[in-house]
Amino acid sequence: MFFNTRNVNLGDHQKIIDVMPNWWGGRDLTSGLSKIYFIHFQNSSFVTLNDGNIIGFLIGFMSQSIKNQAYIQLAGVDPNFRKQGVAKMLYNEFYEICKKSSISTVTSCTSPVNELSIKFHQSMGFEILKGDCIENGYEITSNYLGEGNHKVLFKKDI
Ligand SMILES: CC(C)(COP(=O)(O)OP(=O)(O)OC[C@H]1O[C@@H](n2cnc3c(N)ncnc32)[C@H](O)[C@@H]1OP(=O)(O)O)[C@@H](O)C(=O)NCCC(=O)NCCS
């Protein structure tokens, strides 16, 4: 199968919002994906296309305050195209743009209930950072994305 990866544009926003709840198994994380990312972080955010349709995306940015770090806000792949290396391709694309900006560490986070994402990040070589309590057997950082929105934090040196 032929996959094509390119930088995001504003026109991609609604298409991704429309598929996200299905891609996340019914969980609605669309509030984490405002148009701002599709306007101000185009250079470090990507979509993968198959036959003109978006089958994967990665939204990320370089930290403004920690000069050697970047952060992946959200990444997802169409369930029909999983386990074919699409996410790995998107992450590698992101690492390449990071390296060009002398960034050596990529960070991200996920919900403690998202076992799939935790396993995926571990497969991709991310370590789980020490948090302030344990939930579902994982170190978590409380209230990371807002009140009650606890997260497992990841870090990988690239
Ligand atoms: C997580 C997700 C992005 C992975 O996408 P994918 O295209 O299937 O992943 P890839 O095929 O590129 O796999 C990359 C590596 O992760 C591993 N992996 C992928 N899915 C996995 C899973 N469910 N459990 C364990 N490992 C997994 C692969 O085996 C591969 O490792 P390898 O190179 O050692 O073989 C996709 O399942 C998804 O969109 N999930 C729902 C949204 C989500 O949770 N996003 C992540 C947090 S923002």
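Small disclaimer: the values here were computed from a predicted structure and weren't measured. For ligands, and for the atoms within them, numbers begin at 1 and follow the listed sequence.
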Note to self: For K35, is there an ion pair with D12 - N to carboxylate O distance below 4.0 angstrom?
What the structure shows: no
Item checked: Within-cut-off N or O pair, L116 and ligand 1, under 3.5 Å -> no
Margin query: Please list, in number order, the atoms of ligand 1 under 4.0 Å from a heavy atom of W23.
Written below: 41 (C)
Checklist line | Distance, nearest 0.5 Å, that separates CD1 of I16 from CZ of F38 | finding: 4.0 Å
Checklist line | Residue and atom name of the nearest protein heavy atom (relative to atom 16 (O) of ligand 1), distance in Å to one decimal | finding: F120 CD1, 3.3 Å
Checklist line | Donor-acceptor pair between E96 and N92 side chains, under 3.5 angstrom | finding: no
Next item on the list: Could you tell me whether Q84 and ligand 1 have an N or O pair separated by under 3.5 Å?
Entry: yes
Note to self: With a heavy-atom distance limit of 4.0 Å, tell me whether N114 approaches ligand 1 through its side chain, its backbone, both, or neither.
What the structure shows: side chain
Next item on the list: Write out the residue and atom name of the closest protein heavy atom to atom 36 (C) of ligand 1, then the distance separating them to 0.1 Å.
Entry: R82 NE, 3.5 Å
Next item on the list: For S117, take its heavy atoms, then give the atoms of ligand 1 lying under 4.0 Å from any of them.
Entry: 44 (O), 46 (C), 47 (C)
Item checked: Gap separating the OG atom of S111 from the CG atom of L116, nearest 0.5 angstrom -> 12.0 Å
Margin query: Minimum distance, heavy atoms only, to atom 30 (C) of ligand 1: which one of A75, G125, S123, S108 is it?
Written below: S123
Note to self: Polar contacts were defined as any N/O atom of the residue lying under 3.5 Å from an N/O atom of the ligand; does this apply to A87 and ligand 1?
What the structure shows: yes
Notebook entry, point to check: Can you list the ligand 1 atoms lying under 4.0 Å from a non-hydrogen atom of K119?
Noted result: 24 (N), 25 (C)
Check: For Q14, does the CD atom have more than 12 heavy-atom neighbours from other residues, nucleotides or ligands under 6.0 Å away?
Finding: yes
Next item on the list: Sort out for me which residue in Y71, Y37, F61 forms a side chain to side chain contact (heavy atoms under 4.5 Å, CB included) with S44.
Entry: F61
Check: Does ligand 1 have a heavy atom under 4.0 Å from the side chain of W24, from its backbone, from both, or from neither?
Finding: side chain
Item checked: Short N or O distance, K88 and ligand 1, threshold 3.5 Å exclusive -> yes
Next item on the list: Report the part of M89 in contact with ligand 1, treating N, CA, C, O as backbone and CB onward as side chain, heavy atoms under 4.0 Å; options are side chain, backbone, both, neither.
Entry: neither
Checklist line | Heavy-atom protein contact below 4.0 Å for atom 33 (O) of ligand 1 | finding: yes
Item checked: atom 28 (C) of ligand 1: any protein heavy atom closer than 4.0 Å -> no
Next item on the list: Determine the sole option in V77, T5, L74 for which the side chain to side chain contact (heavy atoms under 4.5 Å, CB included) test with F57 is passed.
Entry: L74
Note to self: Can you tell me how far apart OG1 (T107) and CD (Q69) are? Round to the nearest 0.5 Å.
What the structure shows: 5.0 Å
Next item on the list: Please round to the nearest 0.5 Å and tell me the distance separating atom NZ of K151 and atom CG of L145.
Entry: 5.0 Å
Notebook entry, point to check: Is a side-chain donor or acceptor of K156 paired with a backbone partner of M124 at a separation under 3.5 angstrom?
Noted result: yes
Next item on the list: Report the distance from atom CG of D157 to atom CG of N68, rounding to the nearest 0.5 Å.
Entry: 8.5 Å
Notebook entry, point to check: Mind checking whether G76 has an N or O less than 3.5 Å away from an N or O of ligand 1?
Noted result: no
Notebook entry, point to check: Judged by modelled atom types alone, do E115 and Y138 share a side-chain donor-acceptor pair under 3.5 Å?
Noted result: yes
Check: Going by the order shown, which atoms of ligand 1 are within less than 4.0 Å of some heavy atom of G85?
Finding: 10 (P), 11 (O), 12 (O)
Next item on the list: Could you check atom 39 (O) of ligand 1 against the protein and tell me its nearest heavy-atom contact, residue, atom and distance included?
Entry: V77 N, 2.7 Å
Item checked: atom 8 (O) of ligand 1 - nearest protein heavy atom and its distance -> K83 N, 2.7 Å
